[in-house]
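Notes for the one structure printed next.
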Amino acid sequence: MTTVDRQPVDFAGVRVEPTASGPNRVQRGLYTIISDVIPYASSAYSRVTPGGFGSPQCVIVARDAGPRPFDLHEPLSNRIERFLLLVRLLKPGTSESMFEVQGGTHSVREFSPTLVQFRGAGPSLMSPTQLATRVITLDQKDSPRVDGLERLLASAQREQPGMLFTSFGMAMHKFLLSFHAHAWHEQIVDLATAFEATMSGTAKDDVTLRLRMRAATLLATERDPTGKIFADVGLIYGIRSMLVHGGAIKTKDLLKIVRKVSTVPGDARDGEATAYLVERLRDLVRRSLLARICLAAGSAPLWTLDNDAGVDTVMVDDTLRTAWREHWRSTLAAIDAEAAGDRPLYFPGRPSVLDHDDDRAPLVTFTQAAARERTQHP
């Protein structure tokens, strides 16, 4: 994740501060930025400095003040997490959360800085992110889009007294967990859980078929037609079933299935193929969450988050399903985020060039990204 000009960008309640990079420039690393905000933050790292580096990278800072500073860390952490959720819904990317430092901004304080490491603690050898990368690039123009999606989400999530958790809340949690670097198969399981909680409803029979039908109906675009979505979800859920239900499969047989997914390049190496698989599912989940938010927002919601009665009837009615699809896309357009509802832009063959006229970055392979990095930083 970075910003357009590598300068800090302020959003509501948070600041995105990218690390500096490029030839003939002084590298300003993550730890320096953190220490500027939280003095002596390094005391939280103990003997092992938290790792995980994938250029470009940034630090997201949230601040507050009050008579009980120790009580502020949880709401501030939640503020950052909420911001990341909104950004990751609006801008498809592979940006992973590595770690969080919590502490006071003065050298004299009530408690020492503390470190929170996420599940995979950043890009690891088992993380697909090192093999396929899509960078999230932010600028000040994104601020009203983030605020607009926040309003839509608040409108969609109506009060449900007595509820410990909801299926939609679980879906968003699992979606965010997929950005805490881990093995690709763990990401598939998390994302599949999020997909089901978002789209499948409460009925227990024919879950996969219902999921394929609803996703293909609501998410289809000219770039991502109904047939490809329907087929891809079937393939991905076949793999998910093997992972969850203890099935055994040989590597060559798994890769044979993976390579049938429409967004996996035919010449992708084995690790890259699974990386593209994860990103295909993650993008379908992302757009499903956006569709549900837009359909549930407003004074006359078409599909509330806590009820799916009559949804399948809509899916088989030409007029109604077209109206639903147009409704959620026009709702995104109203906050200048219509592009978020489509599949990220891919170029023919192996993509390697960012279309600067379109803020949706294509996937680039890690080897290509590394080659560019070596060229820029001899």
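For the single chain, residues carry numbers from 1 onward in sequence order.
Linking Ile, Leu, Val, Met, Phe, Trp and Tyr residues whenever their side-chain heavy atoms come within less than 4.5 Å leaves Met242 and Leu255 in two separate clusters. Grouping the Ile, Leu, Val, Met, Phe, Trp and Tyr side chains by contacts below 4.5 angstrom, directly or via other members, places Val244 with Leu284. A continuous path of Ile, Leu, Val, Met, Phe, Trp and Tyr side chains, each step under 4.5 Å between heavy atoms, connects Phe168 with Leu152, placing both in one hydrophobic cluster. The cluster map of Ile, Leu, Val, Met, Phe, Trp and Tyr, joined by side-chain heavy atoms under 4.5 Å apart, puts Val261 and Ile249 in the same cluster. Hydrophobic clustering of Ile, Leu, Val, Met, Phe, Trp and Tyr side chains at less than 4.5 Å, counting indirect connections, unites Leu84 with Leu149.
Identified under the salt bridge (Lys or Arg N to Asp or Glu O under 4.0 Å) test for residues 185-195, with sequence neighbours left out: Arg119-Asp190, Lys174-Asp190. Applying the ring-ring contact (aromatic ring centres under 6.0 Å, His included) definition to pairs two or more places apart or across chains, none involves residues 188-241. For residues 227-241, the pairs satisfying salt bridge (Lys or Arg N to Asp or Glu O under 4.0 Å) are Glu196-Arg240, Asp232-Arg280, with sequence neighbours left out.
Under the 3.5 Å distance criterion, the side-chain polar atoms of Thr217 are matched with a main-chain donor or acceptor of Met213. Ser35 places no side-chain N or O within donor-acceptor distance of the main-chain N or O of Thr32, the cut-off being under 3.5 Å. Within the 3.5 Å criterion, the main-chain N or O of Thr304 finds a donor-acceptor partner in the side chain of Arg292. Checked by atom type and distance alone, the side chain of Arg343 never pairs as donor or acceptor with a backbone atom of Pro225 at under 3.5 Å. Side-chain N or O atoms of Thr3 include one that pairs as donor or acceptor with a backbone N or O of Gln7 at under 3.5 Å. A donor-acceptor pair is defined here as one N or O able to donate and one able to accept, closer than 3.5 Å; no such pair exists between the side chain of Gln102 and the backbone of Thr114.
Note: Ile239 CD1 to Ile257 CD1 = 5.5 Å, rounded to the nearest 0.5 Å. With rounding to the nearest 0.5 Å, the separation of CG in Leu218 from OG1 in Thr226 is 10.0 Å. Rounded to the nearest 0.5 Å, atoms CD (Glu81) and CG (Leu86) are 11.0 Å apart. Note: Leu115 CG to Ser43 OG = 10.0 Å, rounded to the nearest 0.5 Å. Taken to the nearest 0.5 Å, the CZ atom of Arg79 stands 5.5 Å off from the CG atom of Asp64. One finds the CZ atom of Arg15 at 4.0 Å from the CG atom of Asp10 (value rounded to the nearest 0.5 Å).
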Leu302 and Trp328: CA distance, side-chain angles, deciding distance, side chain to side chain contact (heavy atoms under 4.5 Å, CB included) verdict: CA-CA 10 Å; Leu302 297 177; Trp328 80 266; over 6 Å; no
Verdict with supporting geometry, Val116 and Phe99, side chain to side chain contact (heavy atoms under 4.5 Å, CB included): CA-CA 6 Å; Val116 177; Phe99 60 90; over 6 Å; no
Pair Leu235, Leu277 - check side chain to side chain contact (heavy atoms under 4.5 Å, CB included), show working. CA-CA 10 Å; Leu235 291 168; Leu277 173 73; over 6 Å; no
Derivation of the salt bridge (charged side-chain N to carboxylate O under 4.0 Å, His left out) call for Asp308 and Arg214: CA-CA 11 Å; Asp308 71 334; Arg214 291 182 177 185; 3.3 Å; yes
Using side chain to side chain contact (heavy atoms under 4.5 Å, CB included), reason through Leu305 and Thr166 one step at a time and then give a plain yes or no. CA-CA 9 Å; Leu305 298 181; Thr166 64; over 6 Å; no
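A salt bridge links Arg282 and Glu279; the closest N-O separation between the charged side-chain nitrogens and carboxylate oxygens is under 4.0 Å. With salt bridges taken as basic N to acidic carboxylate O contacts below 4.0 Å, none links Asp270 and Lys252.
Of all non-hydrogen atoms in Gln140 and Pro144, the two that sit nearest each other are O-CD, 3.7 Å. Scanning both residues, Ala171 and Ala197, for their nearest heavy atoms gives CB-CB, 3.8 Å. Summarising the geometry of Pro8 relative to Glu17, their closest heavy-atom pair is CG-CG, 4.0 Å, with the distance given to 0.1 Å. Cys58 and Leu30 make their closest contact through O-CD2, 3.7 Å (heavy atoms, listed as atom of the first residue, atom of the second, distance). Between Val101 and Ala41, the shortest heavy-atom distance links the atoms CG1-CB, 4.2 Å.
In this view, Tyr40 satisfies the ring pair (Phe, Tyr, Trp, His ring centres under 6.0 Å) rule with no residue, not counting sequence neighbours. Take Arg286 and apply the salt bridge (charged side-chain N to carboxylate O under 4.0 Å, His left out) test, not counting sequence neighbours, and it matches Asp283. In this structure, Asp147 has no side chain to side chain donor-acceptor pair (under 3.5 Å) partners at least two apart in sequence or on a different chain.
With no hydrogens or angles considered, no side-chain donor-acceptor pair links Thr221 and Arg287 at under 3.5 Å.
Within 6.0 Å of the CD atom in Glu338, the count of heavy atoms belonging to other residues, nucleotides or ligands does not exceed 12.
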